[in-house]
K.L.:
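What follows is a single structure, and I will ask about it in a moment.
Atom set for the values below is all heavy atoms of this structure, side chains included, hydrogens, waters and symmetry mates excluded.
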Amino acid sequence: MKKTILVMGAICMPAMAFTQNSNSISESSVRIYGVGDLGIAHYKTAGKSKTAMHSASAGSRLGFLFSEDLGQGLKVNARLEAGINMDDGTSSSSNGLTGRFWSRQAYIELENKAWGHVRMGRLEGPIYTFFPKFDPMLMPAMDAWGVLTTLGARLPGTASGTGKSNGFLINPTQRTDNTIGYASPKWNGFQTKVAYSFNEGQKTRPKLLELSVDYFNGPLTLGALLVKASKTPGDETKARTDSVTEYALGASYRSGPVQPFLTYIHRNKTDPSLDAKGAVRNASSESVKLVGAIIPVSERGNIRATFGKYSSGTPNSDAKSYGIAYTYDVSKSMTLLAAATRLSQGTASEWPVFQSPVPAPGKSVTGFIVGTTVRF
């Protein structure tokens, strides 16, 4: 018995010494966090209405963030984040893709205080991070930003194959798979982010390049974003596509009695899919102009408003969207909200608003929601 104890001790001593040495030069932690986000919404269009319980603004999630300090300003981080439908407890989809448990984020990161960070995996890249800086409502289902950039599409920014618009790559739901991304620290107020997404040989998925430059000066934020999607060869179910370029410009000023927000988004091809002769089905450009504001009305309460105009690359398919909300911070973790939206559109379009019924061509859609968001 004594021999066994001595042998086990001899085996464990090096491991114990290594652990003690490692702990002396590095520290690690795991943070568990989450968001519970839920509201009751009512949608109405000509002859149709619907009441539903779904996400109110931020989107519910459960996340795990691991971080280890490697010394000399270097850290290694890893994040796993699952989207949750609070109304029924199921996993929420992301970018219209179901069946993913870690549907929001899943990445490994190497971070340096002086030089920024590099991430690999499923990311919220420059497209996604552009959105919160220039949208005063932050409620994609109810504000002009979300309504006009997704245009009711299950997969915004993808080729429709019909010549009609299918939304923009630059939208508040966009996350990317198989991505490597870099973000610089802020140098003299400037920050740069770049990301590249591999298609891993998939014939219907483009390679994606995202590049953003932001300038921060007190309450003023200016931003520019460029996104390029490559050609795709297509397969038996989907036509091949031409390359697509989108860009966005944004400005916000978060100070004063009225805090303004401005955004312009441009897409160079409405539908980049190619016909049998190799011609682009709809090479016309399309754009969205967005304005908004935050109006503080108390220490914890804000009125938030957006208005947007969509200029379509398809005849009689322009649209306008209005959104207004009131948010009240009950505490650091809890926010109450009420919001309303209205979408009017051309006679050739029939876009819904989030989970609203599909309207008849040219008919407007209105939506109302009351809800709460709890962060922990």
K.L.:
Do side-chain atoms of R375 reach the backbone of G36 as a donor and acceptor pair under 3.5 angstrom?
P.N.:
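Side chain of R375 to backbone of G36, a donor-acceptor pair under 3.5 Å: no, none is there.
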K.L.:
Side chains of Q191 and F216: does their closest heavy-atom pair fall under 4.5 Å?
P.N.:
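The answer is yes, as the side chains (C-beta and beyond) meet within the 4.5 Å cut-off.
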K.L.:
Examine distances only and state if a side-chain atom of N166 and a backbone atom of T158 form a donor-acceptor pair shorter than 3.5 Å.
P.N.:
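A pair under 3.5 Å: yes.
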K.L.:
Should we say atom CE of M334 is surrounded by more than 12 heavy atoms from elsewhere, each under 6.0 Å from it?
P.N.:
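Yes, enclosed.
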K.L.:
May I have the step-by-step check of ring-ring contact (aromatic ring centres under 6.0 Å, His included) for Y310 and W351, ending in yes or no?
P.N.:
CA-CA 12 Å; Y310 167 63; W351 293 305; 5.5 Å; yes
K.L.:
Can you measure from CG (L211) to OG1 (T192) and round to the nearest 0.5 angstrom?
P.N.:
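If we round to the nearest 0.5 Å, L211:CG and T192:OG1 are 7.0 Å apart.
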K.L.:
Assess whether atom NZ of K133 is packed by more than 12 heavy atoms of other residues, nucleotides or ligands within 6.0 Å.
P.N.:
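Check passes, neighbour count above 12.
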K.L.:
How close do E286 and S165 get, counting heavy atoms only, and between which atoms?
P.N.:
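Looking at all heavy atoms of both residues, the closest pair is OE1-OG, 2.9 Å.
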K.L.:
Are the aromatic ring centres of Y247 and H266 under 6.0 angstrom apart?
P.N.:
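Judged by ring-centre distance (under 6.0 Å), Y247 and H266 do meet the cut-off.
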K.L.:
Okay, side chain of N282, backbone of D271: is any donor-acceptor separation there less than 3.5 Å?
P.N.:
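No, the answer is negative, given that no donor and acceptor are paired below the 3.5 Å cut-off.
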K.L.:
Check the pair D275 / R240 against salt bridge (Lys or Arg N to Asp or Glu O under 4.0 Å), numbers first and verdict last.
P.N.:
CA-CA 8 Å; D275 60 23; R240 55 190 175 133; over 6 Å; no
K.L.:
Output the distance between atom CD1 (I127) and atom CD (E124), rounded to the nearest 0.5 Å.
P.N.:
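Taking CD1 in I127 and CD in E124, the distance rounds to 12.0 Å.
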K.L.:
Does the salt bridge (Lys or Arg N to Asp or Glu O under 4.0 Å) test come out yes or no for K75 and E111, once each step is laid out?
P.N.:
CA-CA 5 Å; K75 283 186 177 182; E111 177 185 1; 5.3 Å; no
K.L.:
Are any non-hydrogen side-chain atoms of Q345 and S317 less than 4.5 angstrom apart?
P.N.:
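The answer is no, as the side chains (C-beta and beyond) never meet within the 4.5 Å cut-off.
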K.L.:
Centroid-to-centroid, F64 to F66, below 6.0 Å?
P.N.:
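No; F66 has its ring centre 6.0 Å or more from that of F64.
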K.L.:
Step through it carefully: locate the ring centre of Y215, locate the ring centre of F190, and say whether they are under 6.0 Å apart.
P.N.:
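Distance test on ring centres: under 6.0 Å, yes.
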K.L.:
Given E246, which of K228, R267, K269 fulfils the salt bridge (Lys or Arg N to Asp or Glu O under 4.0 Å) condition?
P.N.:
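Output: one option passes, namely R267.
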K.L.:
Does K164, at its NZ atom, have more than 12 non-hydrogen atoms belonging to other residues, nucleotides or ligands within less than 6.0 Å?
P.N.:
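It does not: K164 NZ has 12 such atoms or fewer within range.
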